[in-house]
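Scroll down for the structure; my scribbles are underneath it.
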Amino acid sequence: MPELPEVETIARGLATRVSGDVIESIWLGSKPEPLKSSALEIAATLEHSRIAAVRRVGKHIVFDLDRVERASVPAKGRRSKTRRKEPAARLPRPSSTPHAVGEKSVRPIQANLTQANLTQTKPPDAQWIVHLGMTGRLVVCEPAAEIAKHTHLIAKLASGRELRFIDPRMFGKLSVHLHPVGFDPGGVEPLEVSEQRFIALFRGRKTPIKSALLNQKLLRGVGNIYADESLFRSGIRPRRRAAAITRQQLGTLHRAVREVLREAIALGGSSISDYVDADGEEGFFQFQHRVYGREGEPCLVCGTAIRRVVLAGRSSHYCANCQK
DNA sequence: AATGAAACCTGACAGC
DNA sequence: TGCTGTCAGGTTTCAT
């Protein structure tokens with residue numbers, strides 16, 4: 001269901017809510033469809049792991065996990081009485097830093113202790129990858145909260161809350177990756193790619209530009225809504241062959257894609273049907289759509305009725321006057 | 001090799 | 001109220 005801006009919004013929401021928390025146990029539903037790794041592998045990897053960071057890669061949500069030394073494990077019927085202390089966080093202590101004396105020098109050091117910097121210096125022990133497909137949702141809730149239909153995974157957190165994965169249509173996917181293999185979906189991030197590189201992605205391709213934009217092996221994260229909106233803003237028809245687009249037009253498209261994605265992220269994504277972020281809040285970008293979902297309505301620029309055609313099995317919306 | 005269509009599923013909604 | 005048909009923001013697979 002969600003595209004880059006929605007996944008980004010969800011990942012940010014989750015990061016603020018579950019970063020630093022520890023997954024104590026995992027419950028998996030009976031439906032194996034959403035699992036790309038084996039149930040055993042997923043449970044073994046997630047249980048007793050600390051969530052070091054939550055971030056977005058393409059349309060995937062990536063949980064960076066650090067193994068937590070188990071505090072007290074009943075070893076073969078024998079319970080260890082002495083509860084070992086939770087190992088101190090893997091962060092260097094500010095006081096151990098020779099220069100951490102004055103306030104001014106302490107501050108930046110503490111600022112360095114963020115998840116982002118931690119993962120930069122030390123790769124995570126494992127990664128949990130969630131793709132939401134069309135209808136997947138990740139919610140953080142109290143254990144008492146009613147278990148929604150189509151709940152496929154529940155992670156019990158040390159904080160007492162639960163992280164749940166719900167997906168009615170089961171197009172979503174869950175997998176785990178152990179360091180050092182790591183997760184790489186291919187493609188480049190549209191918000192990071194240079195104009196040169198962007199243009200090179202599409203040169204010589206005979207496929208319609210819309211199909212190329214949706215190809216996650218080229219550009220990762222752009223989906224149907226933002227492809228249509230980007231093409232409208234750059235005046236290019238969805239069916240145009242990628243190879244037939246000039247460098248200059250591709251440059252315009254490069255800027256349009258990034259502009260649309262940035263605006264959508266700023267507004268918390270597009271809420272169509274039941275999309276909500278990790279806090280249950282709806283996004284607002286759907287009010288900014290200029291072509292998507294506006295078949296028959298007047299173009300906001302020239303008044304021509306917006307057309308809808310099916311391309312590669314997906315609805316494509318465009319203005320026949322503004323887009324050539 | 002590359003492109004397009006079909007398939008994977010369930011739920012919501014419109015029309016009868 | 002209930003049936004049928006259509007559509008859905010994604011990805012993979014299978015024919016051309």
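Letters go in sequence order (proteins before strands), and every chain restarts at 1. Just so it is clear, the structure is predicted and the values come from calculations on it, not from any experiment.
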Identify every side-chain donor-acceptor pair in residues 143-150 of chain A under 3.5 Å, counting partners at least two apart or on other chains, and give the distances.
none

When the side chains of residues 297-306 of chain A are checked against the rest of the protein, which donor-acceptor pairs come out under 3.5 Å, sequence neighbours left out?
residue, atom, partner, partner atom, Å
Glu297(A), OE1, Arg294(A), NE, 3.3

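Judged as a ring pair (Phe, Tyr, Trp, His ring centres under 6.0 Å), the pairs with a partner in residues 189-216 of chain A (not counting sequence neighbours) are, in order, Phe198(A)-Phe202(A), Phe198(A)-His254(A). Note on residues 296-324 of chain A: pairs passing ring pair (Phe, Tyr, Trp, His ring centres under 6.0 Å), not counting sequence neighbours, are Tyr292(A)-His317(A). Note on residues 186-198 of chain A: pairs passing side-chain hydrogen bond (donor to acceptor under 3.5 Å, both in side chains), not counting sequence neighbours, are Arg56(A)-Glu189(A), Glu189(A)-Arg220(A). Within the structure, salt bridge (charged side-chain N to carboxylate O under 4.0 Å, His left out) pairs that include any residue of residues 24-42 of chain A do not occur (at least two apart or interchain). Residue pairs meeting the salt bridge (charged side-chain N to carboxylate O under 4.0 Å, His left out) criterion with at least one partner in residues 229-245 of chain A, sequence neighbours excluded, are Arg233(A)-Glu259(A), Arg233(A)-Glu263(A). Sorted by first and then second residue, the ring pair (Phe, Tyr, Trp, His ring centres under 6.0 Å) pairs with a member in residues 155-196 of chain A read His60(A)-Phe183(A), His177(A)-Phe183(A); sequence neighbours excluded.
With sequence neighbours excluded, the residues satisfying side-chain contact (heavy atoms from CB on, under 4.5 Å) with Ala227(A) are Lys210(A), Leu213(A), Leu214(A), Val222(A).
Whole-Å rounding puts the Leu132(A) CG to dG10(C) C1' distance at 11 Å. Gln286(A) has its CD atom 15 Å from the C1' atom of dA8(C), to the nearest Å. In this structure, the CD atom of Glu295(A) is 13 Å from the C1' atom of dT6(C), given to the nearest Å.
Side-chain proximity of Arg308(A) to the nucleotides dA8(C), dT11(C), dT10(B) is greatest for dA8(C).
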Check your understanding: How does DNA chain C look in dot-bracket form if you count Watson-Crick and G-U pairs under 3.5 Å, write [ ] for pairs that cross, and put | where a base pairs with another strand?
Key -> .|||||||.|||||||
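Residue Ser315(A) has a polar side-chain atom (N or O) positioned under 4.0 Å from OP1 or OP2 of dA8(C). Regarding contacts with the backbone of dT10(B), every side-chain N or O of Lys149(A) stays at 4.0 angstrom or more from both OP1 and OP2. Neither OP1 nor OP2 of dT10(B) sits under 4.0 Å from any side-chain N or O of His150(A). Taking 4.0 angstrom as the limit, Gln216(A) places a side-chain polar atom (N or O) nearer than this to OP1 or OP2 of dT11(C).
By the 4.0 Å N-to-carboxylate-O rule, Asp167(A) lies too far from Arg164(A) to be salt-bridged with it.
With hydrogens and angles left out, the side-chain atoms of Arg205(A) and Thr207(A) include no donor and acceptor closer than 3.5 Å.
Residue Lys59(A) is in sugar-phosphate contact alone, with no base atom involved, counting any heavy-atom pair closer than 4.0 Å across all strands shown.
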Review point. Which nucleotides of nucleotides 3-9 of chain B have their base under 4.0 Å from a protein heavy atom (B), which only their sugar-phosphate (S), and which neither (-), written as one string 5' to 3'?
Key: SS---BB
What are the atom names and distances for every N/O pair under 3.5 Å that joins the protein to nucleotides 12-16 of chain C?
none

